[in-house]
Amino acid sequence: MTLKHLTTALAAALCVAGAGAGLAQDAVPPVQKVTAATPPPKLVVMIAVDQFSADLFAQYRSHFTGGLARLASGVVFPSGYQAHGATETCPGHSTILTGNHPAHTGIIANNFFDLSAAREDKRLYCAEDETVPGTSSRSGQYAPSVDHLMVPTLGDLMKAHDPRAQVVSVAGKDRAAIMMGGRQADELMWLAPTGLTSYRGRALSPTATQAGTAIAAAIAQSRPGLTLPADCAAHDIAIPIDKGGTVGTGRLARDGGDFRRFMASPEADGAVLAAATALRQARRLGEGEATDLLILGLSATDYIGHGVGTEGSEMCLQMLALDRELGDFFTRLDATGIDYVVALTADHGGHDMPERNRQNGWPAAERVARTLDPAAIGKAVAEKLGLPQPLFHADGPFGDMYLSKALTPAQRKTALAELVARYRAHPQVEAVVTAEELASRPISKRAADTWSLLDKLRASYNAQRSGDFIVVLKDRVTPIPESGLGYVATHGSVWDYDRRVPMLFWRKGLAGFEQPNAVMTVDILPTLAALIGLPLDMSKVDGRCLDLLSGPESSCR
């Protein structure tokens with residue numbers, strides 16, 4: 001079953017008009033040009049496509065004919081930046097609707113360490129409440145929570161300004177729904193093997209329950225492979241992986257009940273869009289006195305990028321399917337007659353697996369050496385210096401590193417010096433930066449494409465949560481020692497292939513233009529706040545308002 005069949009089936013089950021069916025046939029009034037005097041839109045639709053890099057947008061832009069083509073005809077910032085250094089899912093989503101870098105949102109990584117935490121597991125997941133007894137940061141064992149987010153979101157500010165405003169957040173991943181939805185969302189949910197789920201103890205609304213039932217039924221059915229369009233033929237090349245098998249020629253087929261493969265297919269995005277369509281209709285979002293906010297986190301691109309890389313037939317199928325399904329979603333919104341504005345961006349970029357990069361003109365691409373395993377390094381240094389183990393804690397071969405609390409001040413100084421020297425001497429390490437170096441450094445106010453490595457790391461540094469030192473790998477070093485089915489590529493680096501994302505804005509009557517200069521995802525909140533007339537204390541955000549009106553007028557009121 002194709003993506004369109006899936007979403008049409010879900011929409012039918014939820015009594016939602018499908019694309020091209022049941023739409024109003026009345027004469028269409030002429031489109032009024034949006035000016036500075038145009039009233040605010042009644043609905044804001046915020047879409048985050050996980051791992052939708054600026055490179056992917058540019059690569060497939062000429063192939064888009066649906067929803068992404070519509071957005072590409074609007075106001076386009078092709079060089080948006082997740083400006084910070086820790087380009088992971090949770091930090092990225094935390095910037096989109098807060099207007100703040102991770103240094104201020106407090107979401108410095110997907111996982112970070114609190115060595116003073118009361119529980120045995122000192123690693124904390126970005127979107128969990130670690131104080132819940134019996135929980136762990138491991139998947140399926142944590143209690144989802146927004147508690148780690150230190151700043152309000154757009155939805156929180158909208159509801160504080162006008163309690164009539166409604167906020168709904170639906171995503172493939174919990175951290176996407178939570179970090180964009182904030183604390184005051186009326187409904188907040190994400191995909192699960194059972195369909196849809198939310199916080200522990202929070203019941204889904206009847207509409208969300210019905211949508212979840214329909215999604216669970218879709219998950220239970222097997223799906224044959226998709227037909228490869230001619231546009232994707234050049235990507236249909238098998239790439240061997242370390243643990244046997246190949247990637248690059250897949251068609252996204254799956255067995256019934258295989259939730260992991262469901263998430264790594266266009267079906268997952270279709271399920272989110274279908275559920276959002278039903279929730280919009282049930283809550284009549286965009287039809288009240290106040291402006292409402294509908295948040296969508298589309299996660300399939302990220303799962304596909306991790307599982308098979310960004311340049312195979314699988315990603316080509318995903319890009320074209322995402323374009324088609326967004327087109328259907330917008331068509332349903334058009335049929336309501338609501339004045340809505342769409343903003344679309346990504347939580348981070350990404351780059352391809354090194355094996356294919358080497359075939360495609362980048363011979364220096366490589367996987368991280370096992371000699372950078374933090375456990376092995378910690379053990380060697382502790383034995384050399386006669387210090388207690390574990391010497392430090394880390395979530396992988398790069399990023400934040402946390403020295404043990406058992407060390408005395410003198411031992412910490414000695415251990416830090418030895419660790420920094422050892423990491424810096426490794427041929428795959430670009431830099432090692434200490435917390436002390438970052439703590440006194442101001443966050444850069446310059447254009448994000450001019451930022452130094454220290455500028456990028458500073459935007460991710462939070463004194464309460466960041467490590468004692470940070471390890472940066474050289475560009476095109478993939479921090480996965482060997483490839484295996486389901487995990488061949490990743491992101492998270494300071495390099496622009498992980499930082500650059502598209503930022504697209506569309507509203508009926510809004511004259512389109514393209515601005516190639518660097519902007520940042522923290523600019524999205526001030527831009528949308530100005531567009532809907534929401535008062536904003538600019539001293540509390542890192543971003544700036546982007547003028548969406550071509551010509552002398554400005555939308556930055």
Side-chain angles (χ1 to χ4, degrees), residues 7 10-11 14-17 40-50 93-94 96-98 127 144 146 149 152-192 195-199 202-215 268-299 325-326 329-330 332-333 336 338-345 524-525 528-529 532 534:
T7 52
L10 289 175
L14 298 167
C15 301
V16 176
K42 302 303 294 182
L43 178 65
V44 175
V45 180
M46 181 70 238
I47 304 173
V49 180
D50 204 319
H93 280 103
S94 81
I96 293 171
L97 286 181
T98 65
V146 71
L149 185 64
T153 62
L154 175 62
D156 295 336
L157 296 173
M158 289 171 64
K159 292 185 77 69
H161 179 65
D162 188 341
R164 297 174 300 175
Q166 297 187 77
V167 178
V168 173
S169 183
V170 190
K173 298 179 181 178
D174 57 5
R175 53 189 179 269
I178 291 169
M179 292 300 148
M180 294 192 294
R183 288 175 167 78
Q184 303 301 322
D186 297 281
E187 296 197 55
L188 188 150
M189 67 203 73
W190 54 89
L191 295 177
L196 288 168
T197 190
S198 187
Y199 296 120
R202 177 184 287 194
L204 296 176
S205 68
T207 300
T209 299
Q210 190 178 7
T213 299
I215 293 168
D269 292 343
V272 169
L273 290 166
T277 301
L279 290 164
R280 192 228 60 82
Q281 183 184 55
R283 299 191 71 93
R284 303 180 71 86
L285 297 180
E287 300 179 36
E289 294 298 319
T291 297
D292 297 322
L293 174 61
L294 178 60
I295 302 165
L296 304 174
L298 306 181
S299 306
E325 191 51 34
L326 282 172
F329 174 72
F330 295 147
R332 295 186 182 104
L333 271 181
T336 68
I338 294 169
D339 180 11
Y340 67 95
V341 62
V342 180
L344 183 146
T345 191
I524 293 173
L525 177 136
L528 293 176
I532 65 176
L534 175 69

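These numbers were taken from a predicted model, which means no experiment stands behind them.
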Enquirer: I'd like to know if the side chain of K42 reaches the main chain of G288, judged simply by a donor and an acceptor atom lying under 3.5 Å from each other, with no hydrogens or angles considered.
Expert: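 Such a contact is found between K42 side chain and G288 backbone.
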Enquirer: Please check this pair: side chain of S299 against backbone of D50, looking for a donor-acceptor N/O pair closer than 3.5 Å.
Expert: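 Judged by distance alone, no pair lies under 3.5 Å.
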Enquirer: To the nearest 0.5 Å, what is the distance between CG (D156) and CE (M158)?
Expert: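 Spacing of CG (D156) from CE (M158) equals 10.5 Å.
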Enquirer: Under the 3.5 angstrom rule, does the side chain of S198 hit a backbone N or O of L188 as a donor-acceptor pair?
Expert: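 Yes, the answer is positive, given that a donor and an acceptor are paired below the 3.5 Å cut-off.
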Enquirer: Can you name the nearest heavy-atom pair linking F329 to A276, along with the distance?
Expert: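 Nearest pair, atom of F329 first, then A276: CE1-CB, 4.5 Å.
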Enquirer: Please round to the nearest 0.5 Å and tell me the distance separating atom OG of S205 and atom CD of Q210.
Expert: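 Rounded to the nearest 0.5 Å, the OG-CD separation comes out at 10.0 Å.
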Enquirer: Check each of L293, I295, L154, L296 against M180 using the side chain to side chain contact (heavy atoms under 4.5 Å, CB included) test, and report the only one that passes.
Expert: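 It is I295, the one option of L293, I295, L154, L296 that forms the side chain to side chain contact (heavy atoms under 4.5 Å, CB included) with M180.
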Enquirer: Look only at the side chain of R183 and the backbone of L149, and say whether a donor-acceptor pair between them is shorter than 3.5 Å.
Expert: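 Pair found, side chain donor or acceptor close to backbone of L149.
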Enquirer: Please walk me through it: do R332 and L273 pass side-chain contact (heavy atoms from CB on, under 4.5 Å)?
Expert: CA-CA 11 Å; R332 295 186 182 104; L273 290 166; 5.9 Å; no
Enquirer: Against V44, only a single residue in V341, L534, V342 fulfils side chain to side chain contact (heavy atoms under 4.5 Å, CB included); can you say which?
Expert: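 The option that passes is V341.
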Enquirer: Evaluate the side-chain contact (heavy atoms from CB on, under 4.5 Å) criterion for residues L528 and I524: first the C-alpha distance (whole Å), next the side-chain angles of each, then the deciding distance (0.1 Å), finally the verdict.
Expert: CA-CA 6 Å; L528 293 176; I524 293 173; 3.8 Å; yes
Enquirer: Just verifying a value: how many Å separate D174 CG and M179 CE, rounded to the nearest 0.5 Å?
Expert: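 Rounded to the nearest 0.5 Å, the CG-CE separation comes to 8.5 Å.
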Enquirer: Out of curiosity, T209 OG1 to L196 CG, how far, rounded to the nearest 0.5 Å?
Expert: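 T209 atom OG1 to L196 atom CG measures 8.5 Å (nearest 0.5 Å).
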Enquirer: Of all heavy-atom pairs between A171 and A177, which one has the smallest distance, and what is that distance?
Expert: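 Heavy atoms of A171 and A177 come nearest at CB-N, 3.5 Å.
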Enquirer: Any idea which heavy atoms bring F330 and Y340 closest together, and the distance?
Expert: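 Heavy atoms of F330 and Y340 come nearest at O-OH, 3.5 Å.
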Enquirer: Does any N or O in the side chain of D186 come within less than 3.5 Å of the main-chain N or O of V167, such that one atom is a donor and the other an acceptor?
Expert: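 Judged by distance alone, yes, a pair lies under 3.5 Å.
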Enquirer: Determine, stepwise, if the pair R280 / E287 fulfils side-chain contact (heavy atoms from CB on, under 4.5 Å).
Expert: CA-CA 10 Å; R280 192 228 60 82; E287 300 179 36; 3.1 Å; yes
Enquirer: Quick one: OG1 on T153 to CD1 on I96, what's the gap to the nearest 0.5 Å?
Expert: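 Rounded to the nearest 0.5 Å, the OG1-CD1 separation comes to 12.0 Å.
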Enquirer: Say you draw a straight line from OG1 of T345 to NE2 of H93; how long is it, rounded to the nearest 0.5 Å?
Expert: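 The OG1 atom of T345 sits 9.5 Å away from the NE2 atom of H93.
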Enquirer: Step through the shown structure and confirm whether more than 12 heavy atoms of other residues, nucleotides or ligands are within 6.0 Å of CZ on R202.
Expert: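 Enclosed.
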Enquirer: Do T207 and E187 pass the side-chain contact (heavy atoms from CB on, under 4.5 Å) test, and can you show the C-alpha distance, the side-chain angles, and the key distance before you say yes or no?
Expert: CA-CA 11 Å; T207 300; E187 296 197 55; 5.8 Å; no
Enquirer: Using every non-hydrogen atom in the two residues, find where I178 and A127 come nearest and quote the distance to one decimal.
Expert: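 Nearest pair, atom of I178 first, then A127: CD1-CB, 4.1 Å.
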Enquirer: Side chain of D292, backbone of L43: donor and acceptor closer than 3.5 Å?
Expert: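 Here the side-chain-to-backbone pair does not exist.
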Enquirer: The criterion is side chain to side chain donor-acceptor pair (under 3.5 Å); which residues satisfy it with R164, sequence neighbours excluded?
Expert: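 Per chain and number, R164 pairs via side chain to side chain donor-acceptor pair (under 3.5 Å) with D162.
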Enquirer: Has E325 got a side-chain atom pairing as donor or acceptor with D269's backbone, closer than 3.5 angstrom?
Expert: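 Not confirmed, E325 side chain does not pair with D269 backbone.
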Enquirer: Is there a side-chain contact between Y199 and P144, using heavy atoms and a 4.5 Å cut-off?
Expert: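 When only atoms from C-beta onward are counted, P144 and Y199 do touch, with a gap below 4.5 Å.
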Enquirer: How close do P40 and T291 get, heavy atom to heavy atom, and via which atoms?
Expert: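 P40 and T291 have their closest heavy atoms at CB-OG1, 4.4 Å.
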Enquirer: Hey, does the side chain of K173 reach the backbone of L191 with a donor-acceptor pair shorter than 3.5 angstrom?
Expert: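 Between the backbone of L191 and the side chain of K173 there is no qualifying donor-acceptor contact (under 3.5 Å).
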Enquirer: Which heavy atom of L285 sits nearest to which heavy atom of V168, and what is that distance?
Expert: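 Looking at all heavy atoms of both residues, the closest pair is CD1-CG2, 4.0 Å.
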